[in-house]
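Because only heavy atoms are used, hydrogens play no part in the values below, and waters and symmetry mates are left out as well, while side chains stay in. Below, chain A is the first sequence line, B the second, and so on; all start at residue 1.
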Amino acid sequence: MPWKGEKDPYKIWLSEIILQQTRVEQGLAYYEKFIKAFPTIQQLAKAPEKKIFKLWEGLGYYTRCRNLMATAQIVVNDYKGKFPATYEEIKKLKGIGPYTAAAISSFAFNEAQAVVDGNVQRVIARYFGISTPIDTTAGKKMYQELATALLDTEQPGVYNQAIMDFGAVICKPQNPLCGECPQQADCEAFKHNLVKQLPVKEKTLAKKDRWFYYFIIQFQDKIYIHQRTGKDIWQDLHEFALYEAETPVQTLFQDLPFLKELFGKQSYSVTHISKVFHQQLTHQHIHGQFITVTTLKPVTALKGYDLVDKKQLKKVAFPRIIKSFLEEKASLAQLF
DNA sequence: AACGCGGGGTG
DNA sequence: CACCCAGCGTT
């Protein structure tokens with residue numbers, strides 16, 4: 001992995017933000033794209049938002065991207081482009097919590113801060129046979145304290161790297177390699193046959209279904225899109241005119257009140273209806289359908305929307321379900 | 001303290 | 001299908 005042994009705090013920071021709740025194999029290509037496009041934090045700081053979002057497209061947890069841009073600005077403007085060098089200063093930056101601050105300060109500056117991520121929690125819970133849930137305040141405090149006590153303060157960076165690698169390679173979530181584990185004899189979970197049950201997590205959230213109907217409103221060779229705001233999913237990504245329903249729509253699309261209100265007395269025609277697309281999020285299942293509507297005049301009721309040429313769509317960052325639709329053969333045929 | 005945020009791999 | 005991933009910010 002290109003960030004192993006890396007000492008440039010910019011590169012370490014970028015890799016750690018990308019890797020938050022993200023598998024190394026998934027994040028690697030994004031890291032390489034970003035480093036290639038923005039070799040320094042100065043170049044990242046002056047890049048247009050749109051370009052950065054487009055590079056982040058598909059990676060998920062999009063507030064990470066906005067925080068990335070904010071932190072690049074802060075480092076360039078308030079720290080003269082030099083990344084702050086202590087845990088406390090680093091942790092003040094946007095999108096950087098205890099884990100990321102510990103990672104950057106130990107890897108780049110050799111500060112004695114213990115990283116606690118999912119790997120470390122799992123290793124500690126098993127090794128010491130601790131059943132305190134990892135997703136509670138008491139649990140987080142306990143694992144952080146233990147990790148801090150275990151830290152090799154002479155070489156914190158190497159130690160942090162090692163315990164995370166150990167968790168990722170040997171002490172894996174499922175089917176850990178206890179047979180070849182050098183710590184087997186001292187592992188409380190192994191002794192008591194509790195490896196499979198540790199670590200303990202307290203809450204499991206229910207998954208909910210949502211039905212999204214995207215109206216691709218075409219006027220000449222242009223389509224209305226807007227950027228999502230608010231606290232819902234896909235923060236800052238773009239989308240078409242959205243009608244969300246709590247249950248699947250049963251009526252004919254051309255009769256939908258949503259459309260009638262949008263167009264008022266203006267005429268419109270539904271020219272294409274896509275199949276139903278699906279996107280699985282961690283706690284939501286999105287059912288999405290795309291309805292193409294053609295009109296001869298601009299739609300004044302679409303406030304906050306941009307009328308964008310179809311050819312420009314490839315420069316815009318969309319959620320995966322919209323990207324899937326745009327890349328599907330039938331969609332390409334009817335839209336372009 | 002509880003909750004929400006993505007997309008993808010694994011068994 | 002359930003689980004989890006080099007977590008964080010908001011309420």
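- Of all the residues in residues 105-134 of chain A, A:Asp117, A:Gly118, A:Asn119, A:Arg122 reach under 4.0 Å from DNA chain C with at least one non-hydrogen atom.
- Across the protein-nucleic acid pair, A:Asn175 atom CG and B:dT10 atom C1' stand 9 Å apart, rounded to whole Å.
- Here the OH-OG1 distance, from A:Tyr268 to A:Thr294, works out to 12.5 Å after rounding to the nearest 0.5 Å.
- Among residue pairs with one or both ends in residues 104-130 of chain A, none qualify as ring-ring contact (aromatic ring centres under 6.0 Å, His included); sequence neighbours excluded.
- Taking atom CD on A:Glu202 and atom P on B:dC3, their separation rounds to 11 Å, with Å as the unit.
- For the pair A:Ile286 CD1 and B:dC5 C1', the computed distance is 12 Å after rounding to whole Å.
- The distance between atom CZ of A:Phe53 and atom P of B:dG6, rounded to the nearest whole Å, is 11 Å.
- Only A:Gln21, A:Thr22, A:Arg23, A:Gln26, listed by number, bring a heavy atom of residues 21-29 of chain A to less than 4.0 angstrom from any atom of DNA chain B.
- Using bins of under 30°, 30° to 60° and over 60° for the plane-to-plane angle, the ring pair A:His278/A:His285 lands in the tilted bin.
- The cationic atom of A:Lys33 (NZ for Lys, CZ for Arg) lies less than 6.0 Å from the six-membered ring centre of A:Tyr30 and within 45° of the ring axis.
- On the nucleic acid side, DNA chain C has its first and last nucleotide under 4.0 Å of a heavy atom of chain A at C:dC4 to C:dT11, going 5' to 3'.
- Of the residues in residues 229-238 of chain A, those lying under 4.0 Å from DNA chain B by heavy-atom distance are A:Lys231, A:Asp232, A:Ile233, A:Trp234.
- Side-chain contact between A:Leu242 and A:Arg228: present, with at least one pair of heavy atoms (C-beta onward) separated by less than 4.5 Å.
- The salt bridge (charged side-chain N to carboxylate O under 4.0 Å, His left out) pairs that include a residue from residues 275-286 of chain A are A:Lys275-A:Glu328, where partners are two or more places apart or lie in different chains.
- Here the side chains of A:Leu335 and A:Ile223 are in contact, with some heavy-atom distance below 4.5 Å.
- The distance between atom CG of A:Leu19 and atom P of B:dG9, rounded to the nearest whole Å, is 15 Å.
- Sorted by first then second residue, the ring-ring contact (aromatic ring centres under 6.0 Å, His included) pairs that include residues 228-257 of chain A, not counting sequence neighbours, are A:Phe212-A:Trp234, A:Tyr213-A:Phe253, A:Phe240-A:Phe318, A:Tyr243-A:Phe258.
- Atom NZ in A:Lys208 sits about 12 Å away from atom C1' in B:dC5, given to the nearest Å.
- At whole-Å resolution of the value, CG in A:Leu281 and C1' in B:dC3 are 15 Å apart.
- Applying the side chain to side chain donor-acceptor pair (under 3.5 Å) test to A:Glu89 and every residue at least two apart in sequence or in another chain returns A:Tyr79, A:Lys92.
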Return all side-chain donor-acceptor pairs below 3.5 angstrom for residues 170-179 of chain A, not counting sequence neighbours, or 'none' if the list is empty.
none

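- Exactly one of A:Trp13, A:Phe38, A:Trp3, A:Tyr10 qualifies for a ring-ring contact (aromatic ring centres under 6.0 Å, His included) with A:Tyr31. That residue is A:Trp3.
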List, one per line, each side-chain donor-acceptor pair under 3.5 Å for residues 45-56 of chain A, sequence neighbours excluded.
residue	atom	partner	partner atom	Å
A:Glu49	OE1	A:Arg66	NH2	3.3
A:Lys54	NZ	A:Glu57	OE1	2.9
A:Lys54	NZ	A:Glu57	OE2	3.3
A:Lys54	NZ	A:Lys314	O	3.1
A:Lys54	NZ	A:Val316	O	2.9
A:Trp56	NE1	A:Gly60	O	3.0

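- Residue pairs meeting the side chain to side chain donor-acceptor pair (under 3.5 Å) criterion with at least one partner in residues 104-115 of chain A, sequence neighbours excluded, are A:Ser106-A:Asn160, A:Glu111-A:Gln113.
- Here A:Trp56 lies out of heavy-atom contact (under 4.0 Å) with every strand.
- Taking both residues in full, the closest heavy atoms of A:Ala189 and A:Leu198 are given as CB-CD1, 4.0 Å, listed atom of the first, atom of the second, then distance.
- Remark: C1' of B:dT10 and CD of A:Gln174 are 6 Å apart, rounded to the nearest angstrom.
- Between A:Pro199 and A:Tyr61, the one whose closest nucleotide on DNA chain C sits nearer the 5' end is A:Pro199.
- Annotation: proximity of residues 86-103 of chain A to DNA chain B (heavy atom, distance under 4.0 Å) is found for no residue.
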